[in-house]
*Asks:* 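Handing you a structure now.
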There are 2 protein chains.
Amino acid sequence: MTISFASSQLSEHDHKKCVSAALDTAEHICIIRGVQLTPIRHKVLELIWESHKAVKAYDLLDRLKLIMEAAKPATIYRALDFLIEQGLIHRVESLNAFIGCSCSDHQHEQLLLICNRCHEVEERSAVKVMEVLAHEIEQANFILHSKAIEIHGICSKCDAQAGNKN
Amino acid sequence: MTISFASSQLSEHDHKKCVSAALDTAEHICIIRGVQLTPIRHKVLELIWESHKAVKAYDLLDRLKLIMEAAKPATIYRALDFLIEQGLIHRVESLNAFIGCSCSDHQHEQLLLICNRCHEVEERSAVKVMEVLAHEIEQANFILHSKAIEIHGICSKCDAQAGNKN
DNA sequence: CTACCATACGTAATACTATAACGTTTCATC
DNA sequence: GATGAAACGTTATAGTATTACGTATGGTAG
Ligand SMILES: [Zn+2]
Ligand SMILES: [Zn+2]
Ligand SMILES: [Zn+2]
Ligand SMILES: [Zn+2]
């Protein structure tokens, strides 16, 4: 059965394109910025991009160990720190997990739609939300450093599948 | 030195009123719902309300141990689970910490302004933000279960203090 | 009454997440 | 070829959270 009517941008797509685009962009960004996308960092980024699901640090570690026996927690966390600093991945606070950044323009003005069923995370730009939110923050005389908007629920794809089962 | 011009709702207030209001409300809500605000749960809620700072589970545990030697992690986490279920506290995902809920009407349509300096957390209702956000979520065909908007930065009080030092 | 059941709690063990500390390698620069 | 910075290796430890199983309590059906 195919899901022809699902509306999520994550459905039915050529994921290899996501991966290669993400890695190409990362390589490009790192060259421009003069920072090193070392083999470990590159591999961790690739592992994160294996799917659109949020992935845990120790799961990454297990997978990294398959090709790099000596990998330790610090190995992963250092790579994650680097990738976050460079805005190449996002930390999902409510899951203690990580996803590849798919902000089209890497402006990181995004909200995360986290599916509690399939665990995929969709990043949406939501310009209007950010505008109104910025205004609200300003009204509170609060000096913004960073913001995280994490929405939990059921994605359109999973909802459609559940609907089909009835 | 007093800070007479700070604008945060958390400044210069009678915190005993916050605590007693929160505890009274909690007792009332639990009676209405037919759930038990046991002595442990009540005490944990009181400890959380000692300040407007987000508090960690193991810090709560240490303080609970002072009056209840046998307290263990499960003691705290069970109380926290209950209080969250009842909407009497919020979990701050980005801090692995907890704050008392101060939604005026316990509708939990709030955003959290988290000060990185003093660690106080202000809960703001932000109706307009929620409206626009709800619309955005609907457009994504996403079925909402819960949402967390966590803003990090410097609160007006801390900003004013920093200003005074110059 | 008492057998039953649900809720809350006691207790121990364990799992999961993350960082600290210090040594080594590498490579560009002086 | 000494110096210094960045990345990584390695070990230990800190911090966060859950599982599992046993006990106590109180309400309720029989
Ligand atoms: Zn993809
Ligand atoms: Zn889903
Ligand atoms: Zn107060
Ligand atoms: Zn502050």
Side-chain angles (χ1 to χ4, degrees), chain A residues 26-27 29-31 33-48 53-86 88-99 119 148 150, chain B residues 26-27 29-31 33-45 47-48 53-86 88-99 114 119 148 150:
Chain A
E27 288 161 15
I29 284 179
C30 288
I31 288 170
R33 295 182 186 164
V35 295
Q36 299 180 50
L37 190 61
T38 62
I40 289 176
R41 291 165 176 177
H42 190 279
K43 186 64 195 176
V44 171
L45 183 57
E46 197 183 329
L47 288 173
I48 290 173
K53 300 186 201 310
V55 55
K56 302 243 168 193
Y58 276 71
D59 291 342
L60 284 173
L61 179 54
D62 288 342
R63 292 203 274 163
L64 188 59
K65 275 180 179 165
L66 295 178
I67 59 165
M68 186 184 158
E69 212 178 321
K72 299 277 187 309
T75 314
I76 283 292
Y77 281 105
R78 281 170 182 157
L80 292 171
D81 285 347
F82 172 85
L83 295 169
I84 289 169
E85 269 171 27
Q86 298 303 322
L88 300 172
I89 64 172
H90 296 296
R91 182 181 159 81
V92 185
E93 302 289 357
S94 54
L95 295 177
N96 294 333
F98 305 85
I99 54 164
H119 306 296
E150 301 189 0
Chain B
E27 289 161 14
I29 284 177
C30 289
I31 288 171
R33 295 183 185 164
V35 295
Q36 299 179 50
L37 189 62
T38 63
I40 290 176
R41 291 164 176 178
H42 191 278
K43 186 64 194 178
V44 170
L45 183 58
L47 288 173
I48 290 172
K53 300 186 199 311
V55 55
K56 303 243 168 192
Y58 276 70
D59 290 342
L60 284 173
L61 179 53
D62 288 341
R63 292 202 274 162
L64 188 59
K65 275 179 178 166
L66 296 178
I67 60 164
M68 186 185 159
E69 212 178 320
K72 299 275 188 308
T75 314
I76 283 292
Y77 282 105
R78 282 168 180 157
L80 292 172
D81 286 347
F82 171 85
L83 294 169
I84 289 169
E85 266 171 31
Q86 298 303 322
L88 300 172
I89 63 173
H90 296 297
R91 180 180 162 81
V92 185
E93 302 289 356
S94 54
L95 295 177
N96 294 332
F98 305 85
I99 55 164
I114 302 158
H119 307 296
E150 301 189 359

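Throughout, protein chains are lettered first and strands after them, A, B, ... in sequence-line order, and every chain is numbered starting at 1.
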*Asks:* Quick one: is Arg78(A) getting a side-chain N or O under 4.0 Å of the dT19(C) phosphate, OP1 or OP2?
*Replies:* no
*Asks:* Considering only dT11(C), dT7(C), dT19(C), which nucleotide approaches the side chain of Thr75(B) most closely?
*Replies:* dT11(C)
*Asks:* Just the rounded figure in Å: distance from P of dT10(D) to CE of Met68(A).
*Replies:* 9 Å
*Asks:* Return the minimal non-hydrogen interatomic distance between Val44(B) and Ala79(B), and the atom names on each side.
*Replies:* CG2-CB, 3.8 Å
*Asks:* Distance check needed: dA18(C) C1' versus Leu60(A) CG, whole Å only.
*Replies:* 14 Å
*Asks:* What nucleotide, of dA18(C), dA8(C), dT10(D), holds the atom closest to the side chain of Thr38(B)?
*Replies:* dA8(C)
*Asks:* Can you tell me the distance, in whole Å, between the CG atom of Asp81(A) and the C1' atom of dA6(D)?
*Replies:* 14 Å
*Asks:* For Arg91(B) and Ile84(B), indicate whether the former's side chain and the latter's backbone hold a donor-acceptor pair under 3.5 Å.
*Replies:* no
*Asks:* Nearest whole angstrom, please: distance from the P of dA6(D) to the CZ of Arg41(A).
*Replies:* 11 Å
*Asks:* Check Ile48(B) against Phe98(B) and note the closest heavy-atom contact, atom names and distance.
*Replies:* CG2-O, 4.3 Å
*Asks:* Which of these nucleotides, dC8(D), dT11(C), dA18(C), is closest to any side-chain atom of Asn96(A)?
*Replies:* dA18(C)
*Asks:* Could you tell me which residues satisfy salt bridge (charged side-chain N to carboxylate O under 4.0 Å, His left out) with Glu46(A), sequence neighbours excluded, listed by chain and number?
*Replies:* Lys43(A)
*Asks:* Quick one: does Tyr58(A) reach the base of dA15(C) with a side-chain donor-acceptor pair under 3.5 Å?
*Replies:* no
*Asks:* For the pair made of CD1 in Ile76(A) and P in dT10(D), what is the distance, rounded to whole Å?
*Replies:* 15 Å
*Asks:* Within this structure, what is the CG-to-P distance between Leu83(A) and dC8(D), rounded to whole angstrom?
*Replies:* 11 Å
*Asks:* Between atom CG in Leu80(B) and atom C1' in dA8(C), what is the gap in whole Å?
*Replies:* 15 Å
*Asks:* OP1 or OP2 of dT16(D) sitting under 4.0 Å from any side-chain N/O of Lys56(B)?
*Replies:* yes
*Asks:* Whole-Å distance between dA18(C) C1' and Asp59(A) CG?
*Replies:* 15 Å
*Asks:* Under 4.0 Å between a side-chain N or O of Arg91(A) and OP1 or OP2 of dT17(C)?
*Replies:* no
*Asks:* Could you tell me which residues satisfy side-chain contact (heavy atoms from CB on, under 4.5 Å) with Ala54(B), sequence neighbours excluded, listed by chain and number?
*Replies:* Val92(B), Leu95(B), Ala97(B), Ile99(B), Val121(B)
*Asks:* As a test of reading the structure: which of dA18(C), dA20(C), dT19(D) is closest to the side chain of Ala74(B), going by heavy atoms?
*Replies:* dT19(D)
*Asks:* Could you please name the option among dT10(D), dC8(D), dA12(C) that lies closest to any side-chain atom of Lys72(B)?
*Replies:* dA12(C)
*Asks:* Any N or O donor-acceptor pair linking the side chain of Tyr77(A) to the base of dA20(C) at under 3.5 Å?
*Replies:* no
